[in-house]
Structure formats: C-alpha cells, structure tokens
Amino acid sequence: MSSPRIILETLLPHLKAAAGYARFLQPKIAALPDKDGGDSFFSAALTEADLAIQNFVEVALLGHFPNIRFYGEEYKSSPNTKYFRAVEFGEKDDYLVTLDPIDGTKYYIDGHSNYQIILSILNTDDYEAVIAISPSEDTYFYALRGNGAFTGNLNMDLSQCTSLKVDSTAKPTILLGTAMSSLTPTLEDKYNIINAVEDYSSSVQMPNLNSILTGGISGAVKRFGQFIDGAALAFLAKEAGCIVTSLDGSNLPALSECQDYKLPGLIIATSESIHQDLLAAISKI
C-alpha cells in the first residue's frame, strides 16, 4: 500500500486539472435535478461539475492505485464505482479514499469563490491525510496525520507549501451549522454569529468552515461531520492547531465505528476559551 503522502503527490496534478475545470465551468454551469433525500440546504444542488470531477478523479485513482478503496459523494451515479475494491472500510492501514468533488455546490452555482474540492485518505481510526483545493481562490490546504497543516497556491507542489497555524486571536466569529441556530442567544453577546443556513445569501459571500484556517472565523459547531467534507475540514483544522471535539467535549470516535460516513456533532475552536464557551452554550440547550 502506498503511503498517504505518495497518494496525495500522485493525485495532486489531477486535482489541479479538476480545479481548472471547475473554475472554467462555474459561469456556465446549469444545475441538474435536486439530490434525492438531501438533509441540508447545501445538499440541494447537484451540478454537472460534481459528476465530471468525481469521474475524472476516479479514473486517476484506478489508473494509479487500482486496488484502492474509494467512496465519492456521487458514488451511486458513477459508472466507476463497481471497479473499486470497496466503498467501505477494511482492515487497519487498508486506506479508504473519499472525495467531495464540489464542496459547497450552492456556493458554486451562485458564483461564490469559496467552493472546494476535498480529497481525504482515511484509516480505520482517523484521517491520514486531507487536501482541500479552492479553485477560484488559487489556493489549497493539506495535512498529513501528525505532521501539521500546510498551504500554498495551485502552482506549488506539496513540498513547496508553507506550514499553517491557526490564529488564536482571530476575530470572534462563530459559524453555526445546520440545526444549530438555537445556540445563537447564548453566544451572541460575546461573538458575531453566522448561521450557515439562515444567513446564506446568493449575492453576498459568507465564511465557510475553511475560514477557520485563514482567520475568518474563530469557532464552529456542526450537528455532524460528513467524512467527505465537514469531518475532513475538522481534521485539517486540528492539524493546524485547533481544538476539535464532540459536542460534549469528548474525543471523536474512531471513523470505522461511525454510521453513514459521518462523525457525530463537532466543536472546532481556535482556543481553549472559545471551546469552553461553545461547550457551555451547548449545555444550555
């Protein structure tokens, strides 16, 4: 089995090509029918870019790592799913690669720049690596387990990227995910609160979870973290120095113990004081 770093290095040129495609297509994109059974506002849109990018990355994976396990957001629609060895976890160190081809399809369709392509390498207990590419912002972040987080522009290879540490003095803004708006009254005296769904605007871009890596927000609370996006970004944040726990402050469970490809609720904070404030707010609901 190739190392997580080798997998990232091998796929990076393909992911950069996919980023160029996403950037080119955004002004031209037309939404396909809504996803069936979507459980959040942001899962309502399925675009042609989702399908095309996933198929492109799948071809690269099968060409370079034909025995890899792979789970992509659009696996039910992909003609390549049947060629992968599995879409679920195996034994320890038998990695599962996951992909969100367009994280933030609503952002993408509305012309915002903060959509992402997120590829992750999962072990049975935790992530081994995550890379999150922002095509329209010409940047990407990546992290390897226990080695910290890094950032660079799309002309850079992994080795050229610079180390990333979150700013514990970032402006006091908290991002509340789907169904977490009940925390607002407890927190709004001390923090600027952004509700991911209620405050969404098709014309004014709002911070996303990745903004915690760049100082745009100082904390976030999510009802759950899907392996392909929210949980992957939480891993990036943790490697960059954030505190990441379950909603009760406990350590996150092993990935292979979770159901439906998602972690339970998440708290992500740039400092211990913010983490404690978020825990206190949750205890009151």
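Worth knowing before you read on, the calculation uses all heavy atoms, side chains too, and leaves out hydrogens, waters and symmetry mates.
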- Message: Is it the case that the ring center of Tyr115 lies less than 6.0 angstrom away from the ring center of Tyr107?
- Response: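 They do not qualify: ring centres at least 6.0 Å apart.
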
Distance-only donor-acceptor check, side chains [X] and [Y], under 3.5 Å:
X: Gln54; Y: Ser78; value: no
X: Asp93; Y: Asn123; value: yes
X: Tyr200; Y: Asp110; value: yes
X: Asp248; Y: Ser250; value: yes

Is [Y] reachable from [X] through a run of I, L, V, M, F, W or Y residues, each pair having side-chain heavy atoms under 4.5 Å apart?
X: Leu99; Y: Leu62; value: yes
X: Tyr83; Y: Tyr95; value: yes
X: Tyr127; Y: Ile243; value: no
X: Phe56; Y: Tyr71; value: no

- Query: Is Lys106 positioned over the aromatic face of Tyr108, cation under 6.0 angstrom from the ring centre and no more than 45 degrees off axis?
  - Reply: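 No, Lys106 and Tyr108 do not form such a contact.
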
- Task: Show which residues join Ile193 in its hydrophobic cluster (side-chain heavy-atom contacts under 4.5 Å, direct or indirect), or state none.
- Result: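 ILVMFWY cluster around Ile193 also holds Ile174, Leu176, Met180, Leu183, Leu187, Tyr191, Val221, Leu247, Ile267, Ile274, Leu278, Leu279, Ile282, Ile285.
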
- Task: Using the side chain to side chain contact (heavy atoms under 4.5 Å, CB included) rule, take Glu128 and Leu144 through it: C-alpha gap first, then chi angles, then the decisive distance, then the call.
- Result: CA-CA 6 Å; Glu128 293 290 345; Leu144 291 160; over 6 Å; no

Do [X] and [Y] come within less than 4.5 Å of each other through their side chains, counting heavy atoms only?
X: Leu263; Y: Pro253; answer: yes
X: Val244; Y: Leu252; answer: yes
X: Leu236; Y: Ile131; answer: no

- Query: Do Asp229 and Lys262 meet the salt-bridge criterion of a basic N to acidic O distance under 4.0 Å?
  - Reply: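 Salt bridge absent between Lys262 and Asp229.
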
Is it the case that the side chain of [X] and the backbone of [Y] share a donor-acceptor pair, with hydrogens and angles ignored and the cut-off at 3.5 Å?
X: Thr184; Y: Ser181; value: yes
X: Tyr140; Y: Thr151; value: no
X: Ser134; Y: Glu137; value: no
X: Ser256; Y: Thr124; value: yes
X: Ser246; Y: Leu266; value: no
X: Asp94; Y: Gly90; value: no
X: Ser218; Y: Thr173; value: yes
X: Asp167; Y: Thr169; value: yes
X: Gln26; Y: His112; value: yes
X: Arg69; Y: Ala86; value: no

- With Ile118, the side chain to side chain contact (heavy atoms under 4.5 Å, CB included) member among Asn210, Ile133, Leu233: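 By the side chain to side chain contact (heavy atoms under 4.5 Å, CB included) criterion, Ile118 pairs with just one of Asn210, Ile133, Leu233: Leu233.
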
- Message: Rounded to the nearest 0.5 Å, what separates atom CD in Gln276 from atom OG in Ser271?
- Response: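 So the CD of Gln276 and the OG of Ser271 are separated by 9.5 Å.
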
- Any idea how Phe227 and Tyr261 line up, ring-wise: parallel (<30°), tilted (30 to 60°), or perpendicular (>60°)?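 Phe227 and Tyr261: perpendicular rings.
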
- Nearest atoms (heavy-atom pairs only) where Ala132 meets Gln116: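 Where Ala132 meets Gln116 most closely, the heavy atoms are CB-OE1, 3.7 Å.
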
